[in-house]
*Asks:* 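Just dropping this structure here.
Because only heavy atoms are used, hydrogens play no part in the values below, and waters and symmetry mates are left out as well, while side chains stay in. All figures in this text were calculated on a predicted structure; none of them were measured in a lab.
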Amino acid sequence: MNTKDGSFDRHRAVSAAVRRYPQFELTIHRLMDRSESFRDICEELADAEFALSKVDQAPPALREARRAEWQELIDRLVGEVGAAVLNADAARKSGINPWPPR
């Protein structure tokens with residue numbers, strides 16, 4: 001389902017972030033456009049959520065350990081997304097342009 005230009009991955013990444021922080025949807029889109037590191041975090045979050053959704057397909061002996069690992073990663077990434085969004089939003093409200101010109 002991946003498209004040549006990566007729009008499917010971008011959509012999944014944006015969706016993962018917006019699901020967690022819907023009140024910052026515009027900020028998320030702006031960060032996605034301007035920050036490669038933010039895009040990477042959101043893509044990792046989307047991938048981790050997908051992996052967690054498939055954890056029941058893992059062998060029974062590994063299931064709970066994998067579930068805990070994926071959930072821990074998701075929690076960490078959600079925190080990173082939140083910090084980036086809150087910092088960007090606070091900077092915008094204070095009149096500081098947190099994004100370099102394109």
*Asks:* Ignoring hydrogens and angles, write down the donor-acceptor pairs under 3.5 Å from the side chains of residues 52-60, residues two or more places apart or on other chains.
*Replies:*
residue	atom	partner	partner atom	Å
Ser53	OG	Phe50	O	2.6
Asp56	OD1	Arg67	NH2	2.9

*Asks:* Enumerate, atom names and distances included, each donor-acceptor pair closer than 3.5 Å involving a side-chain atom of residues 73-84, sequence neighbours excluded.
*Replies:*
residue	atom	partner	partner atom	Å
Asp75	OD1	Gln71	NE2	2.8
Arg76	NH1	Glu80	OE2	2.4

*Asks:* For the CZ atom of Phe8 and the CZ atom of Arg10, what is their distance to the nearest 0.5 Å?
*Replies:* 14.5 Å

*Asks:* Output all residues satisfying side chain to side chain contact (heavy atoms under 4.5 Å, CB included) with Glu69, sequence neighbours left out; order by chain, then residue number.
*Replies:* Arg66

*Asks:* Any side-chain heavy atom of Val18 within less than 4.5 Å of one from Phe24?
*Replies:* no

*Asks:* Taking only residues two or more places apart in sequence, or in another chain, which ones meet Glu44 in a side chain to side chain donor-acceptor pair (under 3.5 Å)?
*Replies:* none

*Asks:* Go through the structure and list residues passing side chain to side chain contact (heavy atoms under 4.5 Å, CB included) with Ala13, not counting sequence neighbours.
*Replies:* Met32, Cys42, Glu43

*Asks:* Tell me whether Arg12 is salt-bridged to Glu49, with the criterion being a basic N under 4.0 Å from an acidic carboxylate O.
*Replies:* no

*Asks:* Judged by atom type as modelled, is there a donor-acceptor pair below 3.5 Å linking the side chain of Ser35 to the main-chain atoms of Leu31?
*Replies:* no

*Asks:* Go through the structure and list residues passing side chain to side chain contact (heavy atoms under 4.5 Å, CB included) with Glu36, not counting sequence neighbours.
*Replies:* Arg39, Asp40

*Asks:* Identify the two heavy atoms, one from Ile28 and one from Phe38, that lie closest to each other, and give their separation to 0.1 Å.
*Replies:* O-CE2, 3.8 Å

